[in-house]
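Proteins get letters first, then strands, A, B, ... in listed order; numbering begins at 1 in each.
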There are 2 protein chains.
Amino acid sequence: MGELIEKLDLGDDECGLPTALAAMGERWSFMILRAAFNGLKHFEEMQSSLGIARNILANRLGRLVESEILERQPCPDDRRKIEYKLTEKGMALLPAMIALRQWGERWGTGIPSNPVLCDKRDRHPVEDIRVHAHDGRPLDWHDLMWVDQSELVAEAAE
Amino acid sequence: MGELIEKLDLGDDECGLPTALAAMGERWSFMILRAAFNGLKHFEEMQSSLGIARNILANRLGRLVESEILERQPCPDDRRKIEYKLTEKGMALLPAMIALRQWGERWGTGIPSNPVLCDKRDRHPVEDIRVHAHDGRPLDWHDLMWVDQSELVAEAAE
DNA sequence: GTTTTAGGTTGCAACTAAAAACTTATTTTT
DNA sequence: AAAAATAAGTTTTTAGTTGCAACCTAAAAC
């Protein structure tokens with residue numbers, strides 16, 4: 001039980017990334033998240049589907065629950081079973097997960113992922129995740145720059 | 001020298017995610033990537049900026065170079081120095097990184113990240129990363145479904 | 001030519017991950 | 001009702017990874 005929750009200390013220099021990595025930076029976390037997005041809800045399902053060691057899965061599920069990415073609830077109909085389901089916070093990780101997955105698909109082995117995330121309305125695959133301007137134009141790295149908060153505020157006042 | 005390049009074996013069940021995680025699933029990889037995106041190019045810069053141990057940084061830089069996310073080139077003007085710079089493949093990780101960062105910002109401590117990624121044209125911050133339909137409409141989790149490759153092909157033929 | 005800087009490597013202690021066997025509570029089967 | 005099976009963990013042991021601190025080597029500065 002009393003395992004230390006290791007905090008990564010990535011220097012919280014005004015960036016959401018260290019926070020995100022504290023919750024999702026562990027080796028299996030994204031794979032477990034994917035399983036959850038694919039509808040897997042139970043320990044044994046995930047264990048056999050991912051091939052992860054049982055103790056590690058137990059530990060990671062615990063952390064994901066602690067980070068409020070998953071919610072743990074015992075099933076009322078079968079009291080041996082536990083349901084792990086995505087919270088709103090967990091669902092909000094979908095763009096990050098899909099972006100990573102698409103990157104792996106494009107730059108890795110090139111094998112198309114399965115299943116494919118689609119629009120319910122027309123069952124068409126979703127667009128590639130990219131960076132968009134405030135007005136919706138897609139932007140490339142060359143169209144982008146880093147601006148300091150302070151300059152931003154000044155900018156807005158102009 | 002001979003450290004084993006550990007392969008994660010996440011079951012390549014037709015998904016780009018395991019591939020992405022093999023390259024980026026290590027503890028510090030995203031922080032190093034962020035440093036690179038922020039213009040840090042040299043070992044000592046990254047080391048003091050991130051506070052990462054030197055051997056780990058050396059190891060991670062090596063792997064990022066091996067994955068062709070960073071490129072390693074000795075500086076011609078000062079032959080002690082090495083420049084690490086993002087490749088196209090590395091730059092393609094920007095949406096995933098920004099998505100994670102925004103998630104950490106929104107669901108973590110709520111502190112706005114700094115610096116902010118902006119459109120060069122108008123210096124306005126970029127949009128939040130989200131999933132978009134083929135026609136550009138933004139989609140929520142409720143608007144989405146997983147469709148099997150095979151069904152997709154059938155669909156396209158209709 | 002001594003010192004400083006850049007980019008590492010090495011040795012070692014502490015921690016973390018993984019595989020396999022075990023546990024405990026609940027269902028299902030006989 | 002007893003025995004077998006299932007779900008979700010825990011424990012044990014072994015192997016591998018992380019991180020600190022000190023060291024090293026080549027090139028540049030003074």
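For residues 134-147 of chain B, the side chain to side chain donor-acceptor pair (under 3.5 Å) pairs, not counting sequence neighbours, are Asp119(A)-Arg137(B), Arg130(B)-Asp140(B), Asp135(B)-Arg137(B).
A donor-acceptor contact shorter than 3.5 Å is absent between the side chain of Lys89(B) and the backbone of Gly108(A). Judged purely by atom type and a 3.5 angstrom limit, Gln47(B) has no side-chain atom pairing as donor or acceptor with the backbone of Leu57(B). Here the side chain of Asp148(B) pairs no donor or acceptor atom with the backbone of Pro115(A) at under 3.5 angstrom. Although no hydrogens or angles enter the test, the distance criterion places a donor-acceptor pair under 3.5 Å between the side chain of Glu45(A) and the main chain of His42(A).
The separation between Arg27(A) atom CZ and dT17(D) atom C1' is 8 Å, rounded to whole Å. Distance, Ile32(B) CD1 to dG8(C) P: 12 Å, rounded to whole Å. Between the CG atom of Asn59(A) and the C1' atom of dA8(D) there is a distance of 14 Å, given to the nearest Å. Regarding Leu61(A), its CG atom lies at a distance of 10 Å from the C1' atom of dA8(D), rounded to whole Å. Taking atom CG of Leu57(A) as the reference point, atom P of dT11(D) lies 16 Å away to the nearest angstrom. Rounded to an integer number of Å, the gap from CD of Glu26(A) to P of dT18(D) is 11 Å. In this entry the distance linking CD1 of Ile56(B) with P of dG16(D) reads 17 Å, nearest Å. Going from atom CZ of Arg60(B) over to atom P of dG8(C) covers 15 Å, rounded to whole Å.
Using a 4.0 Å cut-off between charged side-chain N and carboxylate O, Arg54(A) and Glu44(A) make a salt bridge. Here Glu151(A) pairs with Arg123(B) in a salt bridge; the nearest charged N to carboxylate O distance falls below 4.0 Å.
Of the candidates dG19(D), dG9(D), dA18(C), dG19(D) carries the atom nearest the Trp28(B) side chain, counting heavy atoms from C-beta on.
Of the side-chain N and O atoms in Tyr84(B), one or more sit less than 4.0 angstrom from OP1 or OP2 of dG8(C). Between Arg72(A) and dG9(D) there is a side-chain polar atom (N or O) within less than 4.0 angstrom of OP1 or OP2.
The environment of Gln73(A) atom CD is dense: over 12 non-hydrogen atoms of other residues, nucleotides or ligands sit within 6.0 angstrom.
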### Query
What string of B, S and - do you get for nucleotides 20-29 of chain D, 5' to 3', if B is base contact, S is sugar-phosphate-only contact and - is no contact with any protein heavy atom under 4.0 Å?
B------BS-
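A donor-acceptor contact under 3.5 angstrom links the side chains of Glu105(B) and Ser113(B), judged on distance only.
Shown for residues 36-47 of chain B: no residue has heavy atoms falling under 4.0 angstrom of DNA chain D.
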